[in-house]
Amino acid sequence: MWSTQNSQLGAPSSDAFPVAAVTNDHNLKTTQSHRYSSGGQKSKSLRLVAPMWNGTRGIHRLGGAVVPEGNQKKERKMLQFLNNHFYDVEALRGYLLQREMSKVHLKNRSFTWLEEQHGPYSAGAFFILKQGGAVKFRDKEWIRPDKYGHFSPEFWNFREVPVEAVDASDCEINYEGLDNLLLLKELQSLSLQRCPHVDDWCLSRLYPLADSLQELSLAGCPRVSERGLACLHHLQNLRRLDISDLPAVSNPGLTQILVEEMLPNCQVVGVDWAEGLKLGPEEQPQDTASPVPA
Amino acid sequence: MIRRVLPHGLGRGLLTRRPGTRRGGFSLDWDGKVSEIKKKIKSILPGTPCDVLPDTSHLPPEHSDVVVVGGGVLGLSVAYWLKQLENRRGGMRVLVVERDHTYSQASTGLSVGGICQQFSLPENIQLSLFSASFLRNINEYLAVTNAPPLDLQFNPSGYLLLASEKDAAAMESNVKVQKQEGAKVCLMSPDQLRNKFPWINTEGVALASYGMENEGWFDPWCLLHGLRQKLMSMGVFFCQGEVTRFVTSSQRMMTTDDEMVTLKSIHEVHVKMDHSLEYQPVECAIVINAAGAWSAQIAALAGIGKGPPGTLQGTKLPVEPRKRYVYVWHCPQGPGLETPLVADTSGAYFRREGLGSNYLGGRSPAEVSRVGWDMLARRHRIIVMKESGFWPGSVCFVHPQVQTAWAGYYDYNTFDQNGVVGPHPLVVNMYFATGFSGHGLQQAPGVGRAVAEMILEGSFQTIDLSPFLFNRFYLGEKTQENNIM
């Protein structure tokens, strides 16, 4: 009995674990004390994220996204039923959720103590490499960990060489982990594509990099919304911003226009501003190029 | 089964007697008769439930360890931390009594939902920082299995406070204190302001303070709903009713200065149901007064303030409801996406709402405005806005159109505009968590934890809120807060 539950529990921690908070029914007018709202909302938001998550490494809790829709729904219903009727199942799920969270916390622990010994750039680079991202020091090649997570220790010697670019795609960086990332004061290019824990709070922390950051990519982050994009106005040196595929943004076309107004010197990439517009039957799309400010 | 049996014997005979045009009316009557006959047969048959005992599911339980009066964000926060910090799971029974389950007049739902650390008192700054970290990790604190994660809709856009010449020195010293406590605030000169936010009119502005992190606004309903959901999963009892009476027992004791003092303790709370005279006496050990704008009434029920003025027995709880208006207007060429919540020198504030050039704002009136206690009229047009003197003079809004407006109550502390937290010196088991004068929502998680620690450990552990105790009203020591919005 327990073994079948374990295999099902791979999928459900995805619905208990906050991945994409697109819809949330918080209607307080109902006095219904039912605490288990339908998981149907969760599967809707996961469908948006599923095409990107297929085949990417390290995201076990979204294994459910790879399973076809019909099976997923049945498994989920079965799990909800068991959760509602057995305290053991509920406690186990709660425990597994806590364990997932503490794993993320462990990954994002502070490495600032390395700063005294090896300098800020090496400390920050170590954090990124441990997470699975790639680092490029100035005038050097990209350093990437291999598929086992090992990376060459040559960067410990680069005490004075600043880090130019960081590729933290698919890494589990969260708000606390940004402490380590912000050690890299002269960062020019940052890629946070498809990071599952980067949300609006994290974006509000990026302002210390305003002097040097020129390129930022947030494509595919499930938790970034237009409210987080609003605090990118500190980054006045930004030249290229990628905001494609953000499922939590409610109106991508309008957001693109507002972000372009907010950052006049920046090329904002990713969304066609005509996307949200409805065309009449006789109208044809005349000009579908996204407006790039001169 | 009965349906099939009966028409066989009676139905066909009866139906075929009448002409077709009367059949519609006749068959309705027939259905009624059938259901009556069914009911009779069911009640005769053995094994049917007999409703001898009256239904008491709407009443609160007869015993409860803690009764929280008021189900707004403060009351729920205290209940949450009590259950979170109790030593043994299920060790404490907590009952939350809320008069209106639709929260139509509650300050929580009607608030603008801002959170900022730009205060002058270090305790307020620490409370706000704690609340920011609570909201950031809300899905860890308020996780319920099988429920979707909460989306607070937090806008991290920050607060921008503008100061005129005479307030500039105070603002500078405030910012120093805020930086010391760990808030990320920076000072801006009028030139820097014009550079960053070209739509601000910097006439009369000498200095501005801008919060960069952990400041912004969020959806208070989401927080309320999340707390309710989590509390229900932790086993807290909810009841819709009004507290009408406290049954207390008193003891006369001698202080070290040889004075006789009467200590009271509440051992029963009478909770009256809506639209009925029915009430339930709930035996309790601790009562928490989190009734917001109506806390003074609850305190008066416990006998707080009934005594000669100037004595501790005669010191009332100085919390009053103060009406505040919030207006929503639409302005197509208004400030852009980067707009923080701007509060200008006259006390008026505004912020963006959504992506569609809507703005909402309000103003704290300088003088005491006398409004009826129960009136929360919702008809406000631009005439009323101009009458009350609200318009953020710092921003030039071209052709604004007022869309809607609403009003809510601040639980305004007339003594020093800061919260009242902790036990009452004479009524030994009543704890206060009220009187925050407009920043209850942003300090609720911290205050809830402080009250829970006071109850469970006997003293404040995380944040020391001793300047907020009740004693200061008697001793006359004001803990004044200079930045009130």
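Predicted model only: the values in this text are computed from it and were never measured. Here is how names work: the chains are called A, B, and so on, in the same order as the sequence lines, proteins then strands, and each is numbered from 1.
In terms of heavy atoms, L337(B) sits closest to E226(A) at CD2-O, 4.5 Å.
Ranking E261(A), R205(A), Q236(A), Q98(A) against chain B, the residue ahead of the rest is R205(A), based on heavy-atom pairs under 4.5 Å. Among the candidates E213(B), R136(B), E140(B), the residue making the largest number of heavy-atom pairs closer than 4.5 Å to chain A is R136(B). By number of non-hydrogen pairs under 4.5 angstrom with chain A, the leading residue of G336(B), G356(B), P156(B), G158(B) is P156(B). Across A230(A), S225(A), G94(A), the residue that shares the most heavy-atom pairs under 4.5 angstrom with chain B is A230(A).
Ring pair H233(A)/F197(B) is tilted by interplanar angle, where 30° to 60° counts as tilted.
Contact annotation for K196(B): only side-chain heavy atoms (C-beta onward) come within less than 4.5 Å of a heavy atom of chain A. There is no contact between F218(B) and chain A, counting heavy-atom distances below 4.5 Å.
To the nearest 0.5 angstrom, D200(A) atom CG is 9.5 Å from S157(B) atom OG. One distance of note links SG of C231(A) with CE of M212(B); it measures 11.0 Å at 0.5 Å rounding.
Between Y175(A) and N137(B), the closest side-chain pair of non-hydrogen atoms is not below 4.5 Å. Using a 4.5 Å heavy-atom cutoff, the side chains of R93(A) and N146(B) are in contact.
Looking at N84(A), V89(A), N83(A) one by one, the single match for side chain to side chain contact (heavy atoms under 4.5 Å, CB included) with T145(B) turns out to be N83(A).
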